[in-house]
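Encoded as structure tokens, the structure appears first; notes follow it.
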Amino acid sequence: MTITLPDGKAMTFMRGVTGAEIAAAIGPGLAKAALILEVDGKQWDLFRPIEHDAKIRVITKKDPEALELIRHDMAHVLAMAVQELFPGTQVTIGPAIEDGFYYDFARATPFTPEDLPRIEEKMREIIKRDLPTRREVWPRDKAVAHFKGIGELYKAELIESIPAGEDVSIYWHGDWHDLCRGPHFASTGKIGDAFKLTKIAGAYWRGDARNAQLQRIYGTAWRDQKELDEYLKRIEEAEKRDHRKLGKELDLFHMQEEAAGQVFWHPKGHALYRTLEAYARRKFQRHDYVEVKTPLLMDHKFWQQSGHWDWYREHMFAVEIEGEDKLLALKPMNCPGHVQIFKQGMRSYRELPIRMSEFGSCSRYEPSGALHGLMRVRGFTQDDAHIFMAPEQMTDEAVHASRLIFEVYKELGFDSVDVKLSTRPEKRIGTDEVWDKAEADLADACTKMGVPYKLNPGEGAFYGPKLEFTLYDAIGRAWQCGTVQVDFNLPGRLGAEYVAEDGSRQRPAMLHRAVLGSMERFIGVLIEHYAGAFPVWLAPVQAKIIPISEKANAYAESVKRALSEVSIPDTGGGLRVEVDGANERMQKKIRDAQLQKIPYMLVVGEREAAEGKVAVRLRSGKDLGAMALETFIKRIRDEAESRKDVAE
RNA sequence: GCCGGCUUAGCUCAGCUGGUAGAGCACCUGAUUUGUAAUCAGGGGGUCACAGGUUCGAGUCCUGUAGCCGGCACCA
């Protein structure tokens with residue numbers, strides 16, 4: 001039997017040879033390092049016999065696949081440990097995930113945080129025992145009967161969903177066994193012990209809230225201690241950027257119990273908000289949008305007509321007014337309002353497309369468990385727009401909207417953006433023909449732009465498919481923000497029409513589109529992206545003037561007035577500067593400004609006052625020395641206008 | 001909404017097995033008038049999330065409610 005190695009070298013072995021034997025034949029180093037074999041492109045246990053000629057590759061810790069394999073094995077060890085410590089606990093599933101693994105258990109009493117160290121210790125012990133792995137193939141029905149017999153009802157259910165007549169593989173580690181597709185390392189000792197259990201959580205069986213809730217334990221696992229340490233460090237760094245923490249430290253906003261899920265923007269946070277809004281407003285204007293404002297509170301009939309009432313009633317705030325037979329609803333989105341504006345007067349095809357934008361305040365009664373700082377709130381502002389058009393304009397308008405999104409992200413410093421096309425969900429309105437066209441229009445738009453996209457089947461809105469735009473922040477985390485949604489359904493339901501070229505009345509098509517998504521959430525993303533050290537154009541305080549002693553206070557104020565007069569186009573006003581007139585030493589004021597991550601500190605003493613200068617210090621600590629106020633103004637204005645993010 | 005955890009001064013946090021609350025920073029007052037990351041001294045400030053209960057006595061124990069945190073489910 002011939003075994004071909006990756007370098008093309010062929011070796012001859014007896015039938016039934018195992019990966020371990022092949023690795024040993026190649027060399028003792030490889031025999032030791034080998035974890036899993038790849039046989040004709042399929043992963044194969046080292047101890048599993050090979051019956052045909054094959055091309056093989058030996059996978060070791062160094063290979064990219066190793067992490068996933070380690071994590072999968074680790075999940076098994078976790079399950080073993082839990083079953084040893086807590087007899088009667090049922091196992092369910094336990095996959096490898098990004099950065100780690102988890103395992104879901106069925107158990108009457110939930111785990112407590114104190115259990116984790118015990119389980120971890122047991123896992124290390126199991127790894128140390130170096131239990132050999134064995135693979136068996138059972139007929140499906142035998143496996144079902146077996147797992148039912150030992151009280152593993154979830155496992156039995158899993159196997160029952162495999163077609164009858166098929167065989168399943170069972171893996172043994174010592175005398176513990178589990179249904180598993182494999183592959184697994186030859187023994188538990190091969191896994192290494194660079195892991196840590198991180199959290200416990202409830203999770204629904206098969207991801208469905210109607211099912212029983214299981215107890216999930218999460219862990220992280222790596223090739224070695226160094227990688228594990230790096231990962232833990234990374235988590236720590238991410239925590240430092242948490243927008244909730246920075247929001248407090250930088251005095252940007254707060255939230256409180258009496259208005260759960262809603263934001264109190266403080267002056268500094270609101271400066272961010274206004275700046276971003278002014279930028280977006282100007283950008284939309286340049287892309288031929290018209291801006292409107294619609295009522296917050298409207299008769300709920302609009303949402304009955306649109307269909308939202310049926311879908312989302314329990315997530316809407318509704319108000320009954322005493323003595324009036326009306327049910328009003330706080331708007332959860334802006335489309336019905338925009339359609340009302342469209343419906344005023346007779347619309348001609350000549351006016352189309354109409355691109356109607358609004359910074360629309362929306363309220364949604366989000367489930368309590370979903371709330372998360374600025375990222376998921378009950379009161380938020382969409383940078384929303386609805387584009388009304390003739391149906392045949394759809395592809396062009398989708399391109400137009402998508403280009404705007406790419407442009408804005410790029411200008412805001414997000415260079416890598418992913419696009420997903422979410423298609424018809426099971427629960428939806430509209431005919432299949434309409435959905436066919438809607439999905440095709442979005443796909444065409446991507447093709448036209450030359451933008452690759454991933455398909456996200458079944459994830460569209462109930463009224464139409466959507467493109468979703470995901471950007472990546474400074475530490476590589478993904479944030480889904482922008483969206484472009486085709487809608488051939490709502491305009492009809494809400495009674496919108498226009499007069500076509502031939503004089504007939506036609507239904508307009510509509511595109512829902514948001515670039516930033518929610519202002520609140522996007523600001524949250526910006527806070528985390530910049531770790532609170534905003535580029536000058538966004539910084540709530542762009543320069544802090546620091547008088548060295550009281551003698552320089554008057555000059556400091558005059559510098560502030562001069563800077564406040566400097567207007568920055570497209571960002572909504574003059575430079576934002578403050579004087580620190582406290583009776584403190586300069587060092588202390590510098591420290592305070594530094595901790596507030598203010599980009600420029602302007603130190604002024606009697607020397608600067610006499611010469612009309614400012615001594616410029618950057619938040620990096622770099623001292624630029626004294627320069628004429630005019631020179632500094634030119635510098636900061638250029639920086640703000642270009643929206644540069646200066647790293648130094 | 002579901003599972004688990006948490007909630008002590010404006011902020012960050014201490015407070016052992018129940019005996020009646022403490023630090024640093026911030027704030028206020030005074031002194032100091034300062035050259036690139038914390039000047040010194042003094043002072044004020046807490047219904048220990050809320051509501052019940054156990055107890056001679058509860059920040060500490062029990063129950064409920066709310067909010068927050070970590071997940072899950074949801075996300076027009």
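Residue numbering restarts at 1 for every chain, and letters A, B, ... go by the order of the sequence lines.
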Inset, instruction - Flag this pair as yes if the NZ/CZ of A:Arg107 is under 6.0 angstrom from the six-membered ring centre of A:Phe111 and inside a 45 degree cone about the axis; otherwise no. - result: yes

Inset, instruction - Looking at every strand, decide which applies to A:Gln480 at a 4.0 Å heavy-atom threshold: base, sugar-phosphate, or nothing. - result: nothing

Legend entry - Phosphate-side-chain proximity, A:Arg244 and B:G70, N/O vs OP1/OP2 below 4.0 Å: yes

Legend entry - Integer angstrom distance from the P of B:A41 to that of B:G53: 48 Å

Inset, instruction - Determine the Euclidean distance between corresponding P atoms of B:C48 and B:U60; express it in Å to zero decimal places. - result: 9 Å

Legend entry - A:Arg424 charged N/C atom sitting above A:Phe462 aromatic ring, 6.0 Å / 45°: no

Inset, instruction - Establish, with yes or no, whether the OP1 or OP2 oxygen of B:G35 is under 4.0 angstrom from a side-chain nitrogen or oxygen of A:Lys551. - result: no

Legend entry - Whole-angstrom distance between B:C40 and B:G59, as gauged at atom C1': 35 Å

Inset, instruction - May I ask you to decide whether A:Asp473 forms a salt bridge with A:Arg241, counting only side-chain N to carboxylate O separations under 4.0 Å? - result: no

Legend entry - Counterpart base for B:C2, defined by Watson-Crick or G-U wobble contacts under 3.5 Å: B:G71

Legend entry - side-chain N/O A:Ser368 vs B:G1 OP1/OP2, d < 4.0 Å: yes

Inset, instruction - Determine the contact category for A:Ala615: base if any of its heavy atoms lies under 4.0 Å from a base atom, sugar-phosphate if only primed atoms, P, OP1 or OP2 are that close, otherwise nothing. - result: base

Inset, instruction - Any strand is fair game: report the nucleotide pairing with B:G43 by Watson-Crick or G-U wobble, both distances under 3.5 Å, or none. - result: B:C27

Legend entry - Sugar-phosphate only, base, or nothing, as touched by A:Arg585 at under 4.0 Å among non-hydrogen atoms: base

Inset, instruction - Run the ring-centre check on A:His386 versus A:Phe342 and record whether the distance is less than 6.0 Å. - result: no

Inset, instruction - Name the pairing partner of B:A14, where a pair is Watson-Crick or G-U wobble with both distances under 3.5 Å, or state none. - result: none

Inset, instruction - With C1' as the reference atom in both, quote the distance from B:G46 to B:C11 in angstrom, rounded to an integer. - result: 14 Å

Inset, instruction - Find the distance A:Tyr204:OH to B:C72:C1' and express it as a whole number of Å. - result: 6 Å

Inset, instruction - Let me know the distance between CE of A:Met255 and P of B:C69, rounded to the nearest Å. - result: 8 Å

Inset, instruction - Could you give the distance separating B:C28 and B:G10 at their C1' atoms, to the nearest angstrom? - result: 13 Å

Inset, instruction - Using atom NE2 of A:His372 as one end and atom P of B:G1 as the other, report the distance to the nearest whole Å. - result: 18 Å

Inset, instruction - Kindly say whether A:Thr381 contributes a backbone atom to a donor-acceptor pair with the side chain of A:Ser361 at under 3.5 angstrom? - result: no

Legend entry - Atom-pair distance (CZ on A:Arg591; C1' on B:A37), nearest Å: 6 Å

Legend entry - Parallel, tilted or perpendicular: ring planes of A:Tyr154 versus A:Trp205, cut at 30 and 60 degrees: perpendicular

Inset, instruction - Considering only atom C1', compute the distance from B:G5 to B:U47 and round it to an integer number of Å. - result: 26 Å

Inset, instruction - Report yes if a donor N or O on one partner sits less than 3.5 Å from an acceptor N or O on the other, where the partners are the side chain of A:Gln213 and the base of B:G4; otherwise report no. - result: no

Inset, instruction - Would you classify A:Gln596 as touching base, sugar-phosphate or nothing, given that sugar-phosphate means primed atoms plus P, OP1 and OP2, and contacts are heavy atoms under 4.0 Å? - result: nothing

Inset, instruction - For A:Leu250 and B:C11, give me the distance from atom CG to atom P, rounded to whole Å. - result: 16 Å

Legend entry - A:Lys588, nearest nucleotide to its side chain (from B:A38, B:U33, B:G5): B:A38

Inset, instruction - Give the rounded distance in Å between these two atoms: CD of A:Glu584 and C1' of B:G30. - result: 13 Å

Inset, instruction - Assess A:Arg378 against A:Tyr365: is NZ or CZ under 6.0 Å from the centre of the six-membered ring, and within 45 degrees of the ring's axis? - result: yes

Inset, instruction - Determine the interatomic distance between C1' on B:G44 and the same-named atom on B:A26; round to the nearest Å. - result: 13 Å

Legend entry - Proximity of A:His266 and A:Phe253 rings by center, below 6.0 Å: no

Inset, instruction - Return the value, rounded to whole Å, for the distance between atom CG of A:Leu371 and atom P of B:C72. - result: 16 Å

Legend entry - Basic-acidic side-chain contact under 4.0 Å: A:Lys560, A:Glu578: no

Inset, instruction - Using a heavy-atom cut-off of under 4.0 Å over every strand shown, decide if A:Ala201 touches base, sugar-phosphate, or nothing. - result: base

Inset, instruction - Look at the side chain of A:Gln587 and the base of B:U36, then say whether one donor and one acceptor between them are separated by less than 3.5 Å. - result: no

Inset, instruction - Could you state the atom-to-atom distance from CD of A:Gln215 to P of B:G4 in whole Å? - result: 7 Å

Inset, instruction - Both distances under 3.5 Å, Watson-Crick or G-U wobble: report the partner of B:U65, or none. - result: B:A49

Legend entry - Watson-Crick/G-U partner (both atom distances under 3.5 Å) of B:G19: B:C56

Legend entry - Residue-phosphate contact under 4.0 Å: A:Lys589 side-chain N/O, B:A38 OP1/OP2: no

Legend entry - Gap in Å between the two P atoms, one belonging to B:G45 and one to B:A9, rounded: 15 Å

Inset, instruction - Searching all strands shown, indicate the nucleotide that pairs with B:U34 (Watson-Crick or G-U wobble; both distances under 3.5 Å). - result: none

Legend entry - Most 5' of A:Asp592 and A:Leu214 on RNA chain B, judged by nearest nucleotide: A:Leu214

Enumerate the protein-to-nucleotides 74-76 of chain B contacts in which both atoms are nitrogen or oxygen and the separation is below 3.5 Å.
{"from": "B:C74", "atom 1": "O2", "to": "A:Arg376", "atom 2": "NH2", "distance (Å)": "2.7"}
{"from": "B:C74", "atom 1": "N3", "to": "A:Arg376", "atom 2": "NH1", "distance (Å)": "2.9"}
{"from": "B:C75", "atom 1": "O2", "to": "A:Arg376", "atom 2": "NH1", "distance (Å)": "3.2"}
{"from": "B:A76", "atom 1": "O4'", "to": "A:Tyr312", "atom 2": "OH", "distance (Å)": "3.1"}
{"from": "B:A76", "atom 1": "O3'", "to": "A:Tyr463", "atom 2": "OH", "distance (Å)": "3.1"}
{"from": "B:A76", "atom 1": "O2'", "to": "A:His308", "atom 2": "NE2", "distance (Å)": "3.1"}
{"from": "B:A76", "atom 1": "O2'", "to": "A:Tyr463", "atom 2": "OH", "distance (Å)": "3.3"}

Inset, instruction - Determine, for A:Phe101 and A:Arg71, whether the Lys NZ or Arg CZ falls below 6.0 Å from the six-membered ring centre while staying within 45 degrees of the axis. - result: no

Inset, instruction - For A:Arg216 and for A:Gly625, locate the closest nucleotide of RNA chain B by heavy-atom distance; then report the residue assigned to the nucleotide nearer the 5' terminus. - result: A:Gly625

